[in-house]
Q: 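Just passing along the structure, written as structure tokens.
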Amino acid sequence: MANQLAALTEFTGNLFRHAYFVLPWLCHTAEGCRCRVGNYRAMRPVLSCLQKNKPLFFGPDVHLDRANAKLVKFYSAVHVDGNVAADAEALRHYARAWHYAWRNRAYLQLRGHEMRLMRFFYEIACKGDASHLPELISMARIVDKDIVALVRSIEPPDGWNTKAALEASRRELAERKREVFECDQPNINLTVKVRKRSPAAYAKYQTAMREFKRLVHLRISELFDERNWHPTIDSATLHVVLKNEGLQDYLPYTFRGRVGVQPTGYPLTFYTYEGMELEKPPLNDVRMNVNYGTWEAEKDYGSHPVSDGTFYCTSKPQVGESEVKYYTLEYKRRARHMKYDTVGKLARSIRKVRGRLLKHVQSADRDTWVRALMCLIIDHRCARIGNTESAKGKKKTYGITTLMTKKHVRVTDAYIILQYAGKHGRPQKHCFAADPAKRHKHKVEAIISARLRQLIAENNVYLFTRANGKPFTPQSVNEYFTADRPDPDKGFPEGGAAAPCTVHNLRNYHATRIFQEFAAKFARQRTYPVYEAVLAAYQGKNRTKTSRARKGILDVIAEKLGNTPGICRKAYIDPREQLLFFKRWGYRPPDCLIRDVFVHEPTDPYGVEPKNSRDAVMPCSKKECHLKAHLVSGAERILRLREANSARRRKKPAVG
């Protein structure tokens with residue numbers, strides 16, 4: 001299925017499908033739109049069907065009752081054969097319906113591109129503003145391919161067309177570029193200089209660039225609709241068409257696969273030949289993986305699925321020599337399943353693992369107790385394990401295995417402090433009590449502090465070293481952490497921690513554990529919170545004139561891990577726990593979460609939807625309705641789910 005991350009739910013799909021059904025009539029009838037509908041006769045059976053079914057597509061929420069009431073009046077007033085007086089009254093009712101729906105749009109729980117659709121329909125229905133009509137027409141394909149022909153019959157006002165507007169915008173952009181940069185192809189250094197030297201001229205250039213990109217998006221969508229390419233087309237075929245249009249830069253000619261259109265962001269979505277969507281668009285110096293579809297060993301973690309091969313292609317950024325690998329969404333989702341299933345096993349065996357670590361940290365074998373000490377620090381302070389290459393790069397970043405004694409360790413009367421720059425330059429700081437009088441309350445911290453003092457006294461270049469003075473590698477620590485039996489040949493005379501995963505996953509375990517505890521506490525304190533309260537508890541809330549700023553659970557976990565809330569949401573907290581935090585009250589997850597964990601809402605890839613949910617009730621059961629397939633609504637299912645959850649929480653336990 002195309003555009004998995006932008007797919008509409010059953011409810012929102014039906015809402016906008018009905019809105020598109022009415023759009024040709026609205027453009028033909030409203031005087032402010034000044035639009036011509038080429039195939040207006042096709043609207044008559046659509047209007048007749050809507051009058052018979054009277055679908056209340058804004059949903060059953062009580063806050064949208066006034067909008068639905070106006071819809072009922074619209075269905076009664078609209079005239080199929082074009083009565084002027086009846087159409088004027090129907091227009092008033094339809095405009096009021098969208099007015100009330102727009103005022104209460106928060107209760108519809110719309111995502112980013114869905115909110116754009118809502119705003120465009122509101123503008124054209126209530127204000128008669130057709131300035132975003134081209135975008136509205138181009139986005140019809142994400143709602144339903146069967147309505148594309150009907151919507152494409154609408155001609156924008158004043159003879160406007162995408163191709164002519166694109167050519168005009170291209171000429172204007174070229175003029176702005178020569179005016180600002182005095183050349184046709186400015187490099188990055190010149191762009192930085194011009195932006196500082198003349199910000200006003202650069203702002204005009206940016207405006208022209210944004211308009212050009214908007215029109216490119218519209219033109220590519222129009223090309224797909226004209227040729228009936230749904231949902232995808234071969235990349236070689238599309239490259240020929242885009243080259244004729246002068247848009248070949250938007251599709252790398254070295255990419256091999258299939259391509260579709262997406263509603264927001266970059267105009268194209270990339271797929272394998274089998275139709276599996278890639279996680280993001282590869283744009284520069286694309287190189288295909290000739291071994292895709294074959295098994296490839298994953299030496300560091302062993303947590304990546306290989307049933308559909310590994311990465312599909314690679315790409316390089318505009319600046320730098322780093323190489324980025326591109327995987328399919330299905331691959332990334334299964335990798336997350338495997339990763340957090342393993343983290344779940346770690347959670348069930350964490351007491352046994354910690355017991356072995358405490359035993360080994362007091363061992364007489366140096367390599368054993370140093371490895372155990374590093375694992376304990378990572379466990380108790382959520383520290384990074386480190387990477388040898390990162391510590392030698394231009395932007396030096398460190399972890400536990402690469403800490404240097406003189407550079408990163410500081411000893412005071414009260415604390416032993418490990419302070420360093422972590423990944424992405426994020427400052428990290430871990431403090432351990434150094435006063436023996438205070439350490440007796442925390443046995444583990446007392447042991448860690450004593451062993452740290454012993455290592456600091458050795459005054460080696462690196463803090464954690466072997467008996468020969470060489471530092472440990474992250475791989476050697478992982479081997480110890482997963483070893484379950486003694487193996488003197490590999491340097492484990494007493495065995496390892498017998499963990500079911502690598503030491504990296506300790507950070508995932510703590511992030512998921514903190515989130516689970518918070519979600520359980522939040523559910524106990526609130527019977528049925530509103531969506532704004534759930535969202536604020538999850539990602540925080542900025543300060544306003546009437547309310548104070550508050551931290552969300554993502555901010556708390558980010559401080560614990562020494563990372564950003566976005567990275568914690570994407571890479572450290574179990575996606576299933578995050579989705580369940582919203583689903584338990586029948587709410588949709590925020591757009592950022594859906595995109596970060598690659599959620600395809602209609603298919604529920606993480607299995608968090610209730611299994612006993614019944615099929616959605618059809619708004620019309622009449623067999624003569626030709627549009628019955630398009631009029632399915634999932635709003636009643638959502639309402640039943642919310643009522644069931646509320647009733648279950650209000651139910652008191654039996655006495656006696």
Side-chain angles (χ1 to χ4, degrees), residues 1-9 12-13 16-17 20 110-120 132 134-145 147-148 151-152 162 166 210 212-235 237-239 241-242 245 247-252 255 257-284 286 312-313 315 324 326-333 588-603 605:
M1 183 176 291
N3 301 311
Q4 291 191 23
L5 303 186
L8 305 182
T9 61
T12 54
F16 294 117
R17 188 179 296 111
Y20 273 115
L110 301 179
R111 293 173 56 196
H113 58 288
E114 296 169 352
M115 187 60 74
R116 288 185 69 208
L117 279 171
M118 186 78 181
R119 179 167 61 88
F120 295 160
H132 290 108
E135 285 89 341
L136 207 55
I137 294 174
S138 69
M139 295 176 72
R141 63 183 294 112
I142 70 170
V143 177
D144 195 331
K145 66 176 182 179
I147 65 174
V148 171
V151 176
R152 281 288 175 187
T162 307
L166 179 60
R210 284 192 294 269
F212 177 73
K213 290 182 177 180
R214 182 183 77 91
L215 292 171
V216 166
H217 200 297
L218 295 178
R219 182 56 182 163
I220 292 177
S221 178
E222 188 176 64
L223 291 172
F224 270 74
D225 291 343
E226 287 175 355
R227 290 161 174 78
N228 198 23
W229 291 341
H230 192 88
T232 60
I233 187 62
D234 187 271
S235 59
T237 303
L238 180 60
H239 190 272
V241 175
L242 292 181
E245 296 281 336
L247 303 175
Q248 65 274 12
D249 293 340
Y250 283 83
L251 176 60
F255 177 79
R258 299 188 68 82
V259 186
V261 179
Q262 61 180 1
T264 56
Y266 196 76
L268 297 177
T269 313
F270 294 79
Y271 303 81
T272 67
Y273 280 116
E274 292 77 17
M276 290 186 288
E277 185 176 343
L278 299 186
E279 54 179 320
K280 52 188 176 182
L283 303 179
N284 183 56
V286 177
Y312 188 68
C313 62
S315 176
V324 181
Y326 292 82
Y327 298 85
T328 64
L329 296 181
E330 180 64 24
Y331 182 94
K332 299 289 284 188
R333 282 193 287 256
R588 293 181 70 187
D591 196 60
C592 56
L593 177 58
I594 290 176
R595 292 190 176 276
D596 280 349
V597 301
F598 313 114
V599 176
H600 182 221
E601 289 188 281
T603 58

Q: Within the structure provided, determine whether Y266 and L283 are in side-chain contact (heavy-atom separation under 4.5 Å).
A: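 SC-SC contact between Y266 and L283 confirmed.
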
Q: Should L329 and L5 be marked as a side-chain contact (heavy atoms from CB on, under 4.5 Å) after you check the CA-CA gap, both sets of side-chain angles, and the distance that decides it?
A: CA-CA 9 Å; L329 296 181; L5 303 186; 4.1 Å; yes

Q: Can you tell me how far OH of Y327 sits from NZ of K280, rounded to the nearest 0.5 angstrom?
A: 10.5 Å

Q: Just do the side-chain contact (heavy atoms from CB on, under 4.5 Å) check on R227 and V241 with the steps written out, would you?
A: CA-CA 11 Å; R227 290 161 174 78; V241 175; 4.0 Å; yes

Q: Under the side-chain hydrogen bond (donor to acceptor under 3.5 Å, both in side chains) test, which residues partner E279, sequence neighbours left out?
A: none

Q: Any non-hydrogen side-chain atom of Y20 less than 4.5 Å from a side-chain atom of L117?
A: yes

Q: With rounding to the nearest 0.5 Å, note down the distance linking CZ in R219 to CG in L242.
A: 10.0 Å

Q: T9: what forms a side-chain hydrogen bond (donor to acceptor under 3.5 Å, both in side chains) with it, not counting sequence neighbours?
A: T12

Q: In Å, rounded to the nearest 0.5 Å, how long is the span from CG of L166 to CG of L218?
A: 9.0 Å

Q: For R258, which residues count as a salt bridge (Lys or Arg N to Asp or Glu O under 4.0 Å) partner, sequence neighbours excluded?
A: none

Q: Could you pull out all residues at least two apart from P282 that satisfy side-chain contact (heavy atoms from CB on, under 4.5 Å)?
A: F255, F270, L278, V286, C313, S315, Y326

Q: Among residues at least two apart in sequence or on other chains, which ones pass ring-ring contact (aromatic ring centres under 6.0 Å, His included) with H230?
A: none

Q: How many angstroms lie between atom CD1 of I220 and atom OG1 of T162, to the nearest 0.5 angstrom?
A: 11.5 Å

Q: Taking side chain as C-beta onward, heavy atoms only, is Y273 less than 4.5 Å from Y312?
A: yes

Q: Using the test salt bridge (Lys or Arg N to Asp or Glu O under 4.0 Å), find all partners of R116 that sit at least two apart in sequence or belong to another chain.
A: none

Q: List the residues meeting side-chain contact (heavy atoms from CB on, under 4.5 Å) with H239, not counting sequence neighbours, and say none if there are none.
A: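 So H239 forms a side-chain contact (heavy atoms from CB on, under 4.5 Å) with Q248, L251, Y253.
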
Q: Can you list the residues that meet the side-chain contact (heavy atoms from CB on, under 4.5 Å) rule with K213, with sequence neighbours excluded?
A: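 Testing K213 for side-chain contact (heavy atoms from CB on, under 4.5 Å), a comparison that skips the adjacent residues, returns M209, Y250.
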
Q: How close do V259 and S235 get, counting heavy atoms only, and between which atoms?
A: CG2-CB, 3.8 Å

Q: Would you please name every residue forming a salt bridge (Lys or Arg N to Asp or Glu O under 4.0 Å) with E274, sequence neighbours left out?
A: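 For E274 there are no salt bridge (Lys or Arg N to Asp or Glu O under 4.0 Å) partners, ignoring immediate neighbours.
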
Q: Is any side-chain heavy atom of H217 closer than 4.5 Å to a side-chain heavy atom of E135?
A: no

Q: Evaluate the criterion side-chain contact (heavy atoms from CB on, under 4.5 Å) for residue pair I137 and E222; output intermediate values, then yes/no.
A: CA-CA 9 Å; I137 294 174; E222 188 176 64; over 6 Å; no

Q: On a heavy-atom basis, which atom in A7 and which in R111 lie closest, and how many Å separate them?
A: O-NH1, 3.8 Å

Q: Give the minimum heavy-atom separation between P589 and I594, together with the two atoms involved.
A: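 Here P589 and I594 meet closest at O-CD1, 3.7 Å.
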
Q: Hey, what do you get for CD (Q262) to OG1 (T269), rounding to the nearest 0.5 Å?
A: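 Result: 3.5 Å between the selected atoms.
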
Q: With heavy-atom distances below 4.5 Å as the criterion, would you say the side chains of R333 and H600 are in contact?
A: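 R333 vs H600: side chains touch.
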
Q: Once rounded to the nearest 0.5 Å, what's the spacing between atom CD of E277 and atom CZ of F598?
A: 10.0 Å

Q: Name all residues meeting the side-chain hydrogen bond (donor to acceptor under 3.5 Å, both in side chains) criterion together with R210; count only those two or more places apart in sequence or in a different chain, and write none if there are none.
A: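 Here the qualifying residues are T207.
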
Q: If we only count heavy atoms from C-beta on, is the L238 to L268 side-chain gap below 4.5 Å?
A: yes

Q: Applying salt bridge (Lys or Arg N to Asp or Glu O under 4.0 Å), name anything that partners R588, two or more places apart in sequence or on another chain.
A: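 Here the qualifying residues are E114, E601.
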
Q: Flag the pair I142 / F16 as yes when at least one side-chain heavy-atom distance between them is below 4.5 Å, and no otherwise.
A: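 No, every pair of side-chain atoms sits at 4.5 Å or beyond.
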
Q: Apply the test side-chain contact (heavy atoms from CB on, under 4.5 Å) to residues Y271 and T328: give CA-CA distance (whole Å), side-chain angles for both, the deciding distance (0.1 Å), then the verdict.
A: CA-CA 8 Å; Y271 303 81; T328 64; over 6 Å; no

Q: With sequence neighbours left out, what residues match D225 under side-chain contact (heavy atoms from CB on, under 4.5 Å)?
A: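 D225 satisfies side-chain contact (heavy atoms from CB on, under 4.5 Å) with R141, V148, R152, S221 only.
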
Q: Using a 4.5 Å cut-off on heavy atoms from C-beta on, say whether the side chain of N228 contacts that of K145.
A: no

